[in-house]
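Scroll down for the structure; my scribbles are underneath it.
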Amino acid sequence: MKGFVMEQVRVRFAPSPTGYLHIGGARTAIYNWLFAKKHNGTFILRIEDTDAERSTQDSIQGILDGLKWLGMEWDEGPYFQSANLNAHRQAAQLLLESGHAYKCFCTKEELEAKKEAAIASKQAYKYDRTCRNLSPEEIARKEQAGIPYVVRFKIPDMQESLIFNDLVYGPIERKYEDIEDFVILRSDGSPLYLLSNAVDDINDRITHVIRGQDGLANTPRQILIYKALGAKLPQFAHMPLTLDLQKRKISKRTHGEVVSVQFYREKGFLPWALVNFLALLGWHTSDDREIFSKQELIDAFSLEGVSRSNSIFNYTPGDAKFFTDPKAISINAHYIKTMPLNELEPWVNAVLKAADIFDETFLTTQKAWYYSTIDLIRQRFHTLNDFATLGAAYFSDNFPMDSKALQKNVLKHPQLTEWLPQLAERMERLDSWTLETTEKAVRDFIAERNIASGTLINAIRTVVTGQSVGPGLFECLVIIGKDRTTARLKNTPTLF
RNA sequence: GGUCCCAUCGUCUAGUGGUCUAGGACGCUGGCCUCUCACGCCGGAAACAGGGGUUCGAACCCCCUUGGGACCGCCA
């Protein structure tokens, strides 16, 4: 970067608020955010709410909440495109005056007929430029007559191609003759997306337009707008799309909640785990790293690592084992089991509170115990919610009893109604409550009565934790404590 | 239909002419560990879409075919 002054990077995420924040949009936001952070630039949020019909306040709020939850904080905005209508109209006026645009009086019916005719004769349809060469007199007459008109952009009449270098896809070429004189202003004077979006990007001094690949086809036309307006061109970078296993674009309509960011929040995802997963869906480094801290990801990120082929969100509806892409769950589990306990703790607090099994003493007098407990059980958890479900028995006496576990490990052995209370009495007399003393008590009991050790151990686990699986039994007992353990063992007969 | 883009294990991908009998991760799977389930560790199955070139040599370069996707609104 020596020899010239690096321009201050400004990027934006510009969603239209017509639904919740979905993972494809979130990924685009993440890439923009990473690019901004990487280059000490500015990340701008712009809500493109000019479609009043479909835009909703709920949706705007959902996008804001989703981005905040993910940690994708913006430096400027949110700006609202609807606030810039005048600037868009002025730009159109400017284009009209400079001869880069013209008024088109063709009616929708006329255009529709031409389009159908083109399709019928298997010709590619493109506006035939009927109004492009209207004389000033004709234009004045039509206007006088009150004939409504749209404003169309005048594509340069050249044989060459428009070429631009996409930072992800490389050189993209489009012949001028293949581009239609597109509409930039409706007959009611309101601007269209292609214009609004470009004008806003110019006004926001965006240096890098990082967006989904569906914007690739719009780019040549927007470049033409930039040029006609005399604006400096930004760099363009298009991201591959996220498809489902049938290679369809993911959408709420066909995929439901699983593609919304909110879903992952509710399912017990750590926001950074989702960010990490999404960043990897279509981007990679050339080494084998897949787990990145925030700073590591910022340092490693580069547009060059973005792949050009669409990536598939590996989700199978109705999968009994995986409620979303298995890799996403795997990454979430990885963070849960490896992150520093003091960072994990607040997330656990939240789910326990939501399940109404949180106790304020967990953070005061019982803090050491609380941390040990989290540390003990997190190894086999995949989501934060597991702490409140599979882990409930460690935090509260109000825990669910897994019916299969009960059936298999307890109800099959009626003698447990006597054994477990007897064992409880013996354990109550223990002077200390450690791995060694609890194990000795149980092993002695087993030896005295000649019980199969697995039978008793599994039964104890089920009665005490409500689960057939979990950490080593004695570690469980030590963590759960003497009082709770013995009380639950004594309670065994009521389970029958 | 037109224009543009893409193509390595099931999925995310490494790979930019020789080091590729194609590497990693998730998932699947065999084993070890073990009171259970995980974790962990050690293994396994699993891919260069097809065909032509170019080259001493091609996953990598070129062409064609096939397949997939995007865009083609007075939506954004």
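By convention in this document, chain letters (A, B, ...) are assigned in the order of the sequence lines, proteins followed by strands, and residues within each chain are numbered from 1.
Listed candidates were B/A7, B/G10, B/C74. Nearest to the side chain of A/Asn314 is B/G10. Closest to the A/Leu192 side chain, of the nucleotides B/C28, B/C75, B/C35, is B/C75. Nearest nucleotide to the A/Thr50 side chain, out of B/C12, B/C37, B/A76: B/A76. Across B/U11, B/C71, B/C5, the shortest atom-to-atom separation from the side chain of A/Gln213 is found for B/C5. The side chain of A/Lys337 approaches B/C39 more closely than any other nucleotide in the set B/C39, B/C35, B/C75. In the set B/A25, B/C75, B/C39, B/A25 carries the atom at the smallest distance from any side-chain atom of A/Lys327. Comparing B/C71, B/C37, B/G27 by their nearest atom to the side chain of A/Pro326 picks out B/G27. The side chain of A/Lys321 sits closest to B/C28 out of B/C5, B/C28, B/C71. When distances are taken from the side chain of A/Asp51 to each of B/G10, B/C12, B/A76, the shortest belongs to B/A76. Taking only side-chain atoms of A/Leu241, from C-beta outward, the nucleotide of B/C74, B/G69, B/U11 with the closest atom is B/G69.
For B/G43, the paired nucleotide is B/U29, the pair qualifying as Watson-Crick or G-U wobble because both relevant distances are below 3.5 Å. Within the shown strands, nothing qualifies as a pairing partner of B/U16 under the Watson-Crick or G-U definition with both distances less than 3.5 Å. Of all nucleotides present, none satisfies the Watson-Crick or G-U wobble test against B/C60 with each distance under 3.5 Å. Base-pair partner of B/U54: not found among the strands shown (Watson-Crick or G-U wobble, both distances under 3.5 Å). B/G1: Watson-Crick or G-U partner is B/C72, with both key distances under 3.5 Å.
At whole-Å resolution of the value, CG in A/Asp319 and C1' in B/G10 are 13 Å apart. Put simply, CG on A/Asp178 is 17 Å from P on B/G1, counting in whole angstrom units. In this entry the distance linking CG of A/Leu85 with C1' of B/A76 reads 14 Å, nearest Å. Regarding A/Phe313, its CZ atom lies at a distance of 18 Å from the P atom of B/G69, rounded to whole Å. Across the protein-nucleic acid pair, A/Tyr79 atom OH and B/A76 atom C1' stand 21 Å apart, rounded to whole Å. In this entry the distance linking CD of A/Glu109 with P of B/G73 reads 16 Å, nearest Å. Remark: C1' of B/U16 and CZ of A/Arg308 are 10 Å apart, rounded to the nearest angstrom. Whole-Å rounding puts the A/Phe322 CZ to B/C26 P distance at 11 Å.
Contact check, A/Arg221 against B/G73: no side-chain N or O comes under 4.0 Å of OP1 or OP2. Note on A/Ser453: every side-chain N or O is 4.0 Å or more away from OP1 and OP2 of B/C35.
Backbone-only engagement by A/Lys249 is indicated by non-hydrogen atom pairs under 4.0 Å involving sugar-phosphate atoms exclusively. Among the protein residues, A/Pro220 comes within range of no part of the nucleic acid, since none of its heavy atoms lies under 4.0 Å from any strand. Residue contacts shown for A/Ile172 are limited to sugar-phosphate atoms, with no base heavy atom under 4.0 Å away. Among the protein residues, A/Gly470 comes within range of the nucleic acid bases, having at least one heavy atom under 4.0 Å from a base atom. Using a 4.0 Å heavy-atom distance criterion, A/Val150 is classed as a base contact. Contacts of A/Arg54 with the nucleic acid, taken as non-hydrogen atoms under 4.0 Å apart, include base atoms. Among the atoms of the strands shown, none is found under 4.0 Å from any heavy atom of A/Lys408. Within the 4.0 angstrom heavy-atom criterion, no nucleotide atom of any strand lies near A/Phe277. Across all strands shown, A/Gln467 has no heavy atoms under 4.0 Å from either base or sugar-phosphate atoms. Counting any heavy atom pair closer than 4.0 Å across all strands shown, A/Leu280 reaches sugar-phosphate atoms only and no base atom. A/Arg461 comes within 4.0 angstrom of a nucleotide base, judged by non-hydrogen atoms across all strands. When heavy atoms are screened at a 4.0 angstrom cut-off, A/Asp287 is found touching no nucleic acid atom at all. Across all strands shown, A/Ser196 has no heavy atoms under 4.0 Å from either base or sugar-phosphate atoms. Among the protein residues, A/Cys476 comes within range of no part of the nucleic acid, since none of its heavy atoms lies under 4.0 Å from any strand.
Within 6.0 Å of the CD atom in A/Gln57, the count of heavy atoms belonging to other residues, nucleotides or ligands does not exceed 12.
Taking the six-membered ring for Trp and the full ring otherwise, A/Phe387 and A/Tyr394 have centroids separated by 6.0 Å or more. Residues A/Trp347 and A/Phe381 place their aromatic rings such that the two centres sit no closer than 6.0 Å.
Taking only distance into account, the side chain of A/Ser187 meets the base of B/C74 through a donor-acceptor pair shorter than 3.5 Å. For B/C37, the base has a donor-acceptor partner in the side chain of A/Arg380 [N/O atoms by modelled type, under 3.5 angstrom]. In terms of polar N and O atoms assigned as donor or acceptor, the side chain of A/Glu290 comes within less than 3.5 Å of the base of B/G24 in a complementary pairing.
In this structure, A/Arg46 pairs ionically with A/Asp201, as a charged nitrogen and a carboxylate oxygen lie closer than 4.0 Å.
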Protein-nucleotides 47-50 of chain B N/O pairs closer than 3.5 Å?
none

Test side chain to side chain contact (heavy atoms under 4.5 Å, CB included) on A/Lys108 and A/Glu112 and set out the steps.
-> CA-CA 6 Å; A/Lys108 280 184 186 176; A/Glu112 196 57 42; 5.9 Å; no
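With 3.5 Å as the limit, one finds no donor-acceptor pair spanning the side chains of A/Tyr79 and A/Asp200. For A/Asp58 and A/Thr56, the side-chain atoms include no donor-acceptor pair closer than 3.5 Å.
At least one cation-pi condition fails for A/Arg426 and A/Phe445: the charged atom is not both under 6.0 angstrom from the six-membered ring centre and inside a 45 degree cone around its axis.
For the atom pair CG (A/Leu281) and OG (A/Ser311), the distance works out to 4.0 Å, reported to the nearest 0.5 Å.
In this structure, the side chains of A/Trp283 and A/Phe301 come closer than 4.5 Å at one or more pairs of heavy atoms.
Remark on RNA chain B: of its neighbouring residues A/Tyr169 and A/Ala217, the 5'-side contact belongs to A/Tyr169, judged by nearest-heavy-atom nucleotide.
For A/Phe105, the ring pair (Phe, Tyr, Trp, His ring centres under 6.0 Å) partners two or more places apart in sequence, or in a different chain, are A/Tyr149.
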